[in-house]
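Throughout, protein chains are lettered first and strands after them, A, B, ... in sequence-line order, and every chain is numbered starting at 1. Remember, predicted model here, so these are calculated numbers, not experimental data.
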2 protein chains.
Amino acid sequence: MPWLSHSTTNDVINQICDRIWLAVVQRTLRPGARLKEEELTEIFGTTRARVRQALSILEQDGLVTIYPNRGACIAEPGVEDAQDAFSARLAIEQRLVTRLCRSASVEDIATLRDHIAQERAAHARGDSEAVIRLSGEFHMLIAKLSGAELLLKILRMLTIRTSLITAMYQTQATQTCGPDEHDRILTAIEARDEARASNEMAHHLHHLETALRLSDTPIPVSGLREALATNLRKRSP
Amino acid sequence: MPWLSHSTTNDVINQICDRIWLAVVQRTLRPGARLKEEELTEIFGTTRARVRQALSILEQDGLVTIYPNRGACIAEPGVEDAQDAFSARLAIEQRLVTRLCRSASVEDIATLRDHIAQERAAHARGDSEAVIRLSGEFHMLIAKLSGAELLLKILRMLTIRTSLITAMYQTQATQTCGPDEHDRILTAIEARDEARASNEMAHHLHHLETALRLSDTPIPVSGLREALATNLRKRSP
DNA sequence: ACGTTAAGAATTGTTGACAATCTCGTTGAC
DNA sequence: GTCAACGAGATTGTCAACAATTCTTAACGT
């Protein structure tokens, strides 16, 4: 259920990381949002040292930016970073699906199919938060099933960037191109057609990227907030 | 001069990370070597908290593994990780050289040519430590010149893995295939021939990997140490 | 009114001592 | 002689108070 076990063995820190990461993915925390240490200690009922460690990890992952002596904020990657991230994702994920075509077991395929079913369900009932989250999880799932620890870690870093970018440059309800494309990828995997799976993945990622590129010039969401109001409080859970 | 600026803004921590990373690259620190916190505090003349932060970062990078309540050691990646790392490096670096073919300035090319000259010099005078270090730096340099922050960070993680693997599974003086192949890559970049540059890079990485794969069955260097003796002291600088 | 400056509040960074855990040599029973 | 329990020493993990920095607010002079 937690998105991904981090490298830390400490449960509390992992929980902090996961919750923040989840909040970003489902748009509860916008890029640029302030993360005060004391606030987090209260929320998670822990000490400031733990929060500090968690923030340090999240900075390594690229989810938050720590301005020395000034605090931590959800990161605001630029368009450059977005292009790099998509570029790298293309390279990594094509390799992942190719590998999965060879190594996927019937259970793996069943797992993926089940996941897509969940996506469809969320899409059908208009639960946009779940759609966004599940859509990202699909790609992480492919990495996890392919069994490559390292590639999973890298893909996580890349997904964080693209998620942030999506949160920043999303004009309106650019539907995250429903589960149909995921289904096409899975079908190719099931048919053990490496070339087709690779192509479908490329098409899918390209689709994602271009959907974002539309809103290239507009200013990031939090730019306004940062420029105008300063004392916004985060909603309490 | 420092291999790569980390994400931290703290100079001391960066220095610790760089020195350890350098020591690993030039085989002063072998995989599996113990890293006691107090020892490091003395060496770098800092506090234990800083050392702890540095170790945490290095763990994120995959250079050290931290065993809870038992201390930190230089990581010992398995052959699986090696294959993944090379696989990812291939994907990333092909993209990097392709990009560099378009964006490289004359100064960039001069920088690369100068670097290869240094490699040749080190190779000529039999300075194997410098050869290993410079050979790795060449790839990082390509990433840096291509201007992609993210890809540089990822390549660093991958290079760490392959360096560790090289240190572990290197049978004898498997010469790190001299600077000639680097030169071929640079020539292709200079000619703006994207396809050829990409191919040369692929060939180069494949060469690196197969040179390692030869010693697949043998046990990692520090496996012996870990299994037999436990109280080895690191040489003092 | 505007910009500047300075004290106070809020927030982050650091330190040192203390607690928890592990390592390893010793002792003792079988 | 072998093995298990034990305890001293060593090493890592945690915490709470203290220090340093930044942000806010308000007063002040021009």
(message) Contact between T46(A) and I16(A) at the side-chain level, heavy atoms closer than 4.5 Å - yes or no?
(response) yes
Specify the separation, in whole Å, of atom [atom1] of [X] and atom [atom2] of [N].
{"X": "Q53(A)", "N": "dG13(D)", "atom1": "CD", "atom2": "P", "value": "9 Å"}
{"X": "L35(A)", "N": "dT11(C)", "atom1": "CG", "atom2": "P", "value": "13 Å"}
{"X": "I66(B)", "N": "dT21(C)", "atom1": "CD1", "atom2": "C1'", "value": "16 Å"}
{"X": "D11(A)", "N": "dG13(D)", "atom1": "CG", "atom2": "P", "value": "15 Å"}
{"X": "N69(A)", "N": "dA20(D)", "atom1": "CG", "atom2": "P", "value": "12 Å"}
{"X": "R70(A)", "N": "dA9(C)", "atom1": "CZ", "atom2": "P", "value": "22 Å"}
{"X": "E38(B)", "N": "dG13(D)", "atom1": "CD", "atom2": "P", "value": "13 Å"}
{"X": "R52(A)", "N": "dT15(C)", "atom1": "CZ", "atom2": "P", "value": "12 Å"}

(request) Could you tell me which residues satisfy side-chain contact (heavy atoms from CB on, under 4.5 Å) with A91(A), sequence neighbours excluded, listed by chain and number? (result) A91(B), R95(B)
(request) Could you tell me which residues satisfy side-chain contact (heavy atoms from CB on, under 4.5 Å) with S128(A), sequence neighbours excluded, listed by chain and number? (result) none
(message) If you compare every side-chain N and O of T47(A) against the phosphate oxygens of dT14(D) (OP1, OP2), does one of them come in below 4.0 Å?
(response) no
(request) Using a 4.0 Å heavy-atom cut-off across all strands, classify R50(B) as base, sugar-phosphate, or nothing. (result) sugar-phosphate
(request) Could you check whether the rings of F138(A) and H115(A) sit parallel, tilted or perpendicular, using 30° and 60° as the cut-offs? (result) tilted
(message) Among dG13(D), dG13(C), dT11(D), which nucleotide has an atom closest to any side-chain atom of E37(A)?
(response) dG13(C)
(request) Measure from the side-chain heavy atoms of R48(A) and tell me the nearest of dT12(C), dT14(D), dT21(C). (result) dT12(C)
